[in-house]
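What follows is a short report on a single structure.
As the structure is a prediction and not an experimental result, all values here were calculated from the model. Chain letters run A, B, ... following the sequence lines, proteins first, then strands; residues in each count from 1.
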Amino acid sequence: MADTQALQNVLRDEGRLPRVPDPGVVVIFGASGDLTSRKLVPALYELASERKLPMEFAIVGISRTEMSHEEFREKLRGTLEEHVSGGVSDDVWESFSSGIFYLAGDSKEPETYGELKDFLRDVDSERGTRGNRAFYLSASPSLFSTIVENLGEAGMNEGEDGGWSRLVVEKPFGRDLGSARDLNEEIRRHFDEAQIYRIDHYLGKETVQNIMALRFANGIFEPIWNQHYVDHVQITVAEDIGVGTRGAFYEEAGALRDIVQNHVMQVLCLTAMEPPVAFDAESVREEKVKVLKAVRPIPEDEVEDYAVRGQYTSGWIWGEEVRGYREEEEVDQDSVTETYVALRLFVDNWRWAGVPFFLRAGKRMPKKATEIAIQFHSSPHTPFAHQDTEGLEPNVLVVRVQPEEGVSLKIGAKVPGAGFEVSSVNMDLLYGTAFLEQAPDAYQRLLLDLMLGDPTLFIRADEAEGAWGILDPVMRRWAEGKKVEFYPAGTWGPEEADGLLKRDGREWRRP
Amino acid sequence: MIGETRKSPGNGPMSVSEIEHELGKLRANDDGTLALRSSVLNLIVVTDEESAPEVTRSVSNLAGRYPARAIVLISDPDDPNPNVDAQLSAFCNVRGGGGAQVCAEQVTIHAEGPPAGHLESLAGPLLIPDLPVFLWYPGAFSPHSPEFAAMSDLADRVILDSAAREDREDSLREIAALVGRGGGPAVGDLQWVGLSPWRSLLADAFGSPERAGDLEKIASAEVLYAPGGECRALLLVGWLASSLGWNPKGLERDGGHRRVEFDGPSGSVAVELSPDSPDARLRRVRLRSPEHTFQVSRHREHREVKTTVMRGEELVAERTVHLGHFDLGVLVGEELQFRGRDETYEAALRTAVEVIDL
Ligand SMILES: NC(=O)c1ccc[n+]([C@@H]2O[C@H](COP(=O)([O-])OP(=O)(O)OC[C@H]3O[C@@H](n4cnc5c(N)ncnc54)[C@H](OP(=O)(O)O)[C@@H]3O)[C@@H](O)[C@H]2O)c1
């Protein structure tokens with residue numbers, strides 16, 4: 001259907017004008033919640049304002065709180081300014097919000113879905129949205145399977161009148177391998193994989209997508225991107241913030257579930273994957289899944305050799321004293337929840353055999369930084385005298401995702417003067433600066449892809465399970481033990497994490 | 001942003017290698033290390049003394065988003081004394097904690113007398129290798145100007161403004177001839193770039209499948225534009241006509257007002273182009289089919305545009321969005337992102353010229 005439509009509209013100059021999705025409705029479960037007003041609606045507003053959405057577009061919000069359409073619109077309008085970059089225009093808002101509707105209802109009650117179905121029919125005829133629906137699960141994760149089941153029972157797993165139906169699942173996708181499998185199974189009872197869009201907003205970030213551009217649009221990196229040349233890889237996802245007001249949430253989650261299972265594993269996949277044949281959903285995700293499958297399982301009785309869990313104590317960050325995790329609001333005084341994780345993984349395939357991947361993620365690190373460091377072998381032989389090469393270190397290629405996107409390469413160069421003293425020099429290329437175009441917010445990108453029906457930057461079922469599978473032994477082991485290693489806020493993690501690398505004579509870089 | 005200017009050390013013009021050396025020095029940090037140059041393109045600008053300050057301003061604004069080596073050529077071929085002098089500046093954006101800088105460079109060359117007829121000999125050696133070359137004429141342009149043939153050989157893409165000349169119809173004719181000749185660089189027109197949002201909005205108005213069928217049945221159209229904006233209006237009509245299969249049949253003029261008759265797929269199409277108030281370059285585009293009226297219009301004081309679809313007196317669909325910002329830098333920036341020939345533009349331009357030649 002989409003195709004005939006595109007053919008008919010000869011005014012759509014695809015060469016130069018942005019692609020605009022088919023007419024459709026986004027239905028948000030959890031409409032009175034934080035994510036809706038802070039991310040989803042602002043992203044949709046900006047897309048609409050920049051002419052990236054079709055004229056025939058509507059949003060229908062559902063949650064239990066009683067509100068009229070107008071009250072819902074006002075609630076969203078009230079906080080919109082804080083969350084959009086370009087300012088809000090009253091005229092644009094008025095036009096956009098005339099397509100925003102609210103339905104009060106409990107997601108657990110089947111009646112809600114009957115009402116929703118009727119309501120969506122009305123929206124179709126009033127707004128011309130043609131039976132196309134995207135259901136966005138932004139309620140608490142415990143409701144995900146109930147909502148999916150009810151949507152299925154009500155027949156909303158298919159669009160009306162030949163339209164499409166898509167399902168967006170927010171994170172967290174399960175809390176371990178078993179629950180992720182269950183959730184996948186429940187969802188797939190009602191929706192096909194091609195209809196399902198599992199969010200990892202990290203993939204919506206321009207800079208993360210750039211890892212693929214760097215690797216696969218440049219002929220010079222790929223030939224050395226393997227065990228012949230690479231000694232080891234370090235992936236760091238560091239935040240300087242603590243848990244803030246989300247203590248209760250974090251007690252349940254911990255860094256492993258909150259960051260490692262999704263974001264860090266995604267960065268690992270993008271770093272280690274084979275070049276996909278095409279940049280489409282199946283080709284790209286197939287290659288990512290292969291990486292996850294190739295990761296050597298961590299033996300449950302040797303978890304200590306592969307994983308370190310840490311927790312921050314009080315310390316200093318950027319000139320400010322901050323409290324320890326156990327002193328945070330709504331955190332247990334004896335909590336062993338990890339705010340830091342370090343892992344040593346091996347990707348057992350032809351390309352990476354024997355190359356350790358060191359991964360770390362943590363809160364209250366000295367600064368916010370996401371980077372991938374590819375450390376190469378030392379040159380096999382130096383013709384220069386020993387004392388001349390003291391300042392020389394192996395080549396390192398660093399792909400920085402945050403804060404300043406770029407690549408840097410550490411190379412050896414001659415120090416000017418007599419003799420042949422050689423020393424390491426950092427070459428920095430901030431390729432981010434070559435295009436200062438304001439990068440769209442991750443949610444904007446993902447919501448647009450959702451409307452366009454492109455799941456490349458979303459997580460496939462086997463990807464989610466693969467990532468959980470790697471971490472499962474660690475989680476089981478940690479659930480038994482009560483031991484956590486401490487690190488003062490403002491440092492790069494506990495000493496034990498250094499031990500992971502020291503055993504084979506390596507050390508963490510300072511990002 | 002740090003801007004710094006350097007002139008020839010001592011007397012006489014700088015050599016190419018002196019210029020390169022000085023540009024390098026402009027990127028030097030206090031500790032002697034060199035700030036990085038990241039560049040994505042070469043931009044050659046041909047202008048005159050009078051427009052030079054404004055052009056330089058736009059170029060330095062562009063430098064933030066499209067780091068380039070810009071070569072601004074200020075040419076005065078009528079000056080009896082042959083002279084060439086060069087001025088250099090670098091615009092560095094300081095980024096992030098490490099004090100890392102990224103710089104874009106500008107070389108401004110004044111060429112007077114005979115050298116002004118050989119600008120290619122000045123611009124050519126200064127181009128950064130391996131990067132595309134854009135040639136921008138911010139002011140009046142004619143492909144017959146003495147330096148153009150040689151300059152266009154250097155360029156991958158020429159950026160023009162068809163409205164910069166007084167005789168706008170001739171300007172369109174000349175550009176169409178240039179495009180039609182083929183073999184030369186791709187051509188971009190700032191008047192066309194400014195139409196992108198309008199084109200996108202018009203396409204959206206027919207986005208719903210029920211209404212896409214109306215595209216074949218358009219019977220009349222109206223375009224209101226600011227005085228002096230006929231290039232834009234003609235290109236828009238040319239685009240509609242070439243996309244929808246309308247053939248120009250007849251033209252009536254009444255002052256600035258034009259009435260064009262086309263042969264469309266479902267009979268004749270009457271199109272009116274009328275100058276309107278000066279405060280919006282395009283004020284309104286309205287298309288009528290037997291059933292619907294489609295209209296995209298801009299409110300006088302606002303940056304927003306409103307699209308409406310009416311069936312008789314009934315409002316079927318309506319939407320207001322941002323038109324976007326369209327200063328010179330943005331328009332040129334859009335062109336710098338586009339590579340290769342823009343066939344939709346070329347078709348629109350051909351039809352626009354057929355219309356004015358009726
Ligand atoms: N907020 C974030 O920054 C963020 C980031 C990443 C992922 N997420 C994920 O996004 C989802 C939403 O997060 P959030 O922060 O927006 O949560 P929230 O603020 O707690 O919102 C939860 C929403 O669910 C609704 N709800 C709860 N029970 C319901 C029921 N039985 N029937 C209908 N509606 C019900 C609530 O409204 P009523 O009480 O009115 O029913 C509320 O609108 C979660 O899955 C979360 O993990 C959030």
Side-chain angles (χ1 to χ4, degrees), chain A residues 1-2 4-18 20-23 46 48-57 86-87 89-96 98-99 126-130 367 400 403-406 408 425-438, chain B residues 33 36 38-40 63-67 93 95-98 100-102 192-193 196-197 199-213 215-216 239-240 243-245 299 302-307 309 316-324 333-334 337-338 340 342-345:
Chain A
M1 203 185 86
T4 53
Q5 200 171 319
L7 281 180
Q8 278 171 6
N9 195 346
V10 287
L11 294 187
R12 181 73 53 218
D13 167 12
E14 301 255 330
R16 188 127 203 185
L17 305 180
V20 175
D22 298 341
E46 292 206 86
S49 160
E50 290 161 13
R51 310 183 303 275
K52 293 190 180 134
L53 293 182
M55 277 186 81
E56 299 78 12
F57 176 77
S89 137
D90 287 333
D91 290 348
V92 174
W93 170 255
E94 197 181 315
S95 152
F96 174 71
S98 68
E126 198 176 307
R127 307 283 306 179
T129 40
R130 303 197 56 78
K367 66 175 182 187
R400 243 186 343 262
E404 318 151 53
E405 183 185 20
S408 64
V425 184
N426 243 4
M427 280 188 17
D428 274 299
L429 170 58
L430 304 178
Y431 56 67
T433 51
F435 303 98
L436 286 184
E437 279 286 280
Q438 215 199 0
Chain B
T33 57
L36 227 80
S38 59
S39 19
V40 296
R65 281 184 306 151
Y66 308 90
N93 285 301
R95 268 291 210 114
Q101 292 187 9
V102 178
W192 174 249
V193 185
S196 295
R199 295 196 298 130
S200 179
L201 291 167
L202 284 166
D204 287 353
F206 296 89
S208 156
E210 296 106 27
R211 295 198 292 271
L215 280 172
E216 293 189 341
W239 168 67
L240 286 169
S243 311
L244 299 175
H299 189 281
H302 295 245
R303 297 211 67 85
E304 291 88 11
V305 266
K306 185 168 181 173
T307 309
V309 181
V316 187
E318 172 186 27
R319 179 176 66 164
T320 304
V321 297
H322 273 286
L323 191 59
E334 290 264 319
Q337 285 184 313
F338 198 80
D342 183 344
E343 285 171 10
T344 316
Y345 166 66

_Is A:E50 close to chain B through its backbone or its side chain, or both, or neither, when contacts mean heavy atoms under 4.5 Å?_
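The answer is neither part of A:E50.
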_Interface residue of largest heavy-atom contact number with chain A, from B:T320, B:V193, B:L244, under 4.5 Å_ =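 If we count pairs closer than 4.5 Å to chain A, B:T320 comes out on top.
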Just so I understand: if I count every heavy-atom pair under 4.5 Å between each of [options] and chain B, which residue has the most?
{"options": "A:P18, A:S89, A:G128", "answer": "A:S89"}
{"options": "A:V20, A:T129, A:D13", "answer": "A:D13"}
{"options": "A:E56, A:E126, A:R127, A:K367", "answer": "A:E56"}

*Does CD in B:E210 sit with more than 12 non-hydrogen atoms of other residues, nucleotides or ligands closer than 6.0 Å?*
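Yes, enclosed.
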*Side chains of A:S98 and B:R319: do they bring a donor and an acceptor to under 3.5 Å?*
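No.
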Is [X] close to chain A through its backbone or its side chain, or both, or neither, when contacts mean heavy atoms under 4.5 Å?
{"X": "B:L323", "result": "backbone"}
{"X": "B:F206", "result": "both"}
{"X": "B:S196", "result": "both"}
{"X": "B:R211", "result": "side chain"}
{"X": "B:E318", "result": "backbone"}

*Mind checking side chain to side chain contact (heavy atoms under 4.5 Å, CB included) for A:E94 and listing every partner two or more places apart, or none if nothing turns up?*
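Partners of A:E94 by the side chain to side chain contact (heavy atoms under 4.5 Å, CB included) criterion come out as none, since no residue qualifies.
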*Quick one: ring pair (Phe, Tyr, Trp, His ring centres under 6.0 Å) partners of A:F96, sequence neighbours excluded?*
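Residues passing ring pair (Phe, Tyr, Trp, His ring centres under 6.0 Å) with A:F96: A:Y45, A:W93.
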*asked:* Run the side-chain contact (heavy atoms from CB on, under 4.5 Å) test on B:S208 and A:M55 for me, step by step, so that the C-alpha distance in whole Å, both residues' side-chain angles and the decisive distance to 0.1 Å come before the verdict.
replied: CA-CA 8 Å; B:S208 156; A:M55 277 186 81; over 6 Å; no
*Are any of the side-chain nitrogens in A:R16 or B:E334 under 4.0 Å away from the carboxylate oxygens of its partner?*
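Salt bridge flag = no for B:E334 with A:R16.
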*State whether B:D204 and A:R51 are salt-bridged, where the test is any N-O pair (Lys NZ or Arg NE/NH1/NH2 against Asp/Glu carboxylate O) under 4.0 Å.*
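No.
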